[in-house]
Amino acid sequence: MRDPEKAQAWVKTNVQAYLPATKITCITIGNEVLTFNDTGLTDNLIPAMQNIHTALVNLGLDKQVSVTTAHSLAILEVSYPPSAGSFRKDLVGCITPILNFHAKTNSPFLINAYPFFAYKSNPKQISLDFVLFQPNQGIVDSKSNFHYDNMLFAQIDAVHSALASLGYSKLPVHISETGWPSKGDADEVGATLENAKKYNGNLLKIICQRKGTPMRPNTDFNIYVFALFNENMKPGPASERNYGLFKPDGTPAYSLGISGTDAVSANTTTTTGAPAPPSPDSSSTGYLSISAAVKERCCSCIGQLLFPLLLLNYLAFRLAF
């Protein structure tokens, strides 16, 4: 994607060809690139973002499709208390050009936030109710005096603080991944079906309230749930294969009170059948051809929550370079 001609060819083939039949709003260039400790990838990140954006401009698509990249919370050096949030000193030189790009192109800053990992690493000191959006005493940021009753919002505001410390307080922050595994290995504390149901179910309710975080109470942000399907072929701990709302055969992993036949778009409501199971020789990446947007029944008047297909490739339009 460092080659402008190849970048434009890619956009024509993978984006322009599917518009307007498919609603494409954002292209992510890579996923958590800055924490791979791969200078080759890091050095290519901004040039790739710029070339893809230029291609969109040339094709007249930049007003409807933005360009960004998703980051791990590991880019933060300090995340607690939220008001003290700051980026890792060794990454500031890489992050600043990205923030400049966002400011110039009006694209969102994406962060992957998982309270599960924090709880898994320290279950004796972190309240399970605090990470699952259940009733709890919460915490008070001693500097800002803001009260937090869930960890996800504390993590989001730590990112807001880090952005503000570099002079980018107005950049929109979207949560490109969050979720909870319904199953895990013996040493993966908290990875249960009941906890996954509570996390994602309560997350839906909070999103429907549209109340924002303590630091940004009037900000309506997008939150993307990882993942639509369990990735049964993914290596690593058992939890990595069990973040899905659905099993690989298309049946629900657990119920959130959402019908798989409810598809919601910005302007219309349509009905679609449940996805057919893949053929025996197909992999989970086959589900990248399926698009789904669902709503919580009690909040149909408020808006929509998108469940993108965050599978092996994270998004259907992630670029590999």
Side-chain angles (χ1 to χ4, degrees), residues 1 3-31 48-70 101-110 171-177 207-208 210 220-229 245-246 250 258-276 285-296 299-321:
M1 295 301 104
D3 184 330
E5 292 185 0
K6 291 181 179 178
Q8 183 144 326
W10 186 91
V11 171
K12 284 183 176 180
T13 301
N14 296 283
V15 180
Q16 187 181 46
Y18 295 96
L19 295 172
T22 303
K23 183 180 180 182
I24 302 172
T25 61
C26 185
I27 301 170
T28 72
I29 312 298
N31 184 52
M49 293 173 71
Q50 291 170 333
N51 284 345
I52 292 296
H53 175 71
T54 298
L56 291 168
V57 172
N58 293 340
L59 296 170
L61 303 175
D62 58 301
K63 301 303 181 184
Q64 58 182 304
V65 183
S66 62
V67 175
T68 184
T69 185
F101 175 88
H102 290 317
K104 291 178 180 178
T105 63
N106 195 31
S107 55
F109 185 81
L110 302 188
L171 281 185
V173 174
H174 294 179
I175 304 306
S176 41
E177 288 185 22
I207 290 173
C208 287
R210 300 175 76 104
D220 183 23
F221 44 72
N222 291 333
I223 296 181
Y224 294 86
V225 171
F226 184 94
L228 189 60
F229 289 95
L245 301 179
F246 294 88
I258 299 171
S259 171
T261 60
D262 288 338
V264 182
S265 69
N267 301 310
T268 60
T269 300
T270 58
T271 302
T272 180
T285 55
Y287 285 118
L288 290 174
S289 62
I290 303 169
S291 178
V294 298
K295 67 179 178 180
E296 224 246 330
C299 300
S300 60
C301 63
I302 294 179
Q304 63 178 1
L305 174 65
L306 301 179
F307 290 90
L309 302 179
L310 304 174
L311 301 174
L312 294 180
N313 291 320
Y314 170 66
L315 288 174
F317 295 104
R318 175 199 285 183
L319 296 183
F321 47 84

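Side-chain atoms of F101 and Q50, non-hydrogen and from C-beta on, do get closer than 4.5 Å to each other. Inter-residue side-chain proximity for L59 and Q8 is flagged as met; some heavy-atom pair is nearer than 4.5 Å. Inter-residue side-chain proximity for L56 and V11 is flagged as met; some heavy-atom pair is nearer than 4.5 Å. Side-chain contact between L110 and T69: absent, with no pair of heavy atoms (C-beta onward) separated by less than 4.5 Å. Using a 4.5 Å cut-off on side-chain heavy atoms (C-beta onward), V173 and L171 make no contact. Counting heavy atoms from C-beta outward, Q64 and T25 have side chains that stay 4.5 Å or more apart.
The heavy-atom pair separating P4 from N51 by the smallest distance is N-ND2, 3.8 Å. Considering all non-hydrogen atoms of both residues, V15 and W10 come closest at CG2-CZ3, 3.9 Å.
Here S66 pairs with C26, S107, P108 under the side chain to side chain contact (heavy atoms under 4.5 Å, CB included) rule; sequence neighbours left out.
Between the NZ atom of K12 and the CG atom of N58 there is a distance of 9.0 Å, given to the nearest 0.5 Å. Atom-to-atom distance recorded for M49:CE and T54:OG1 is 11.5 Å, nearest 0.5 angstrom. One finds the CD1 atom of I175 at 11.0 Å from the OH atom of Y224 (value rounded to the nearest 0.5 Å).
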* **Residue pair T68, H174: steps toward the side-chain contact (heavy atoms from CB on, under 4.5 Å) verdict** => CA-CA 11 Å; T68 184; H174 294 179; over 6 Å; no
* **Trace of the side-chain contact (heavy atoms from CB on, under 4.5 Å) decision for E177 with N31** => CA-CA 10 Å; E177 288 185 22; N31 184 52; 3.8 Å; yes
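The aromatic rings of F109 and H102 lie perpendicular to each other, with more than 60° between the two planes, well past the 30° mark.
Heavy atoms of other residues, nucleotides or ligands lying less than 6.0 angstrom from CG of D3 number more than 12.
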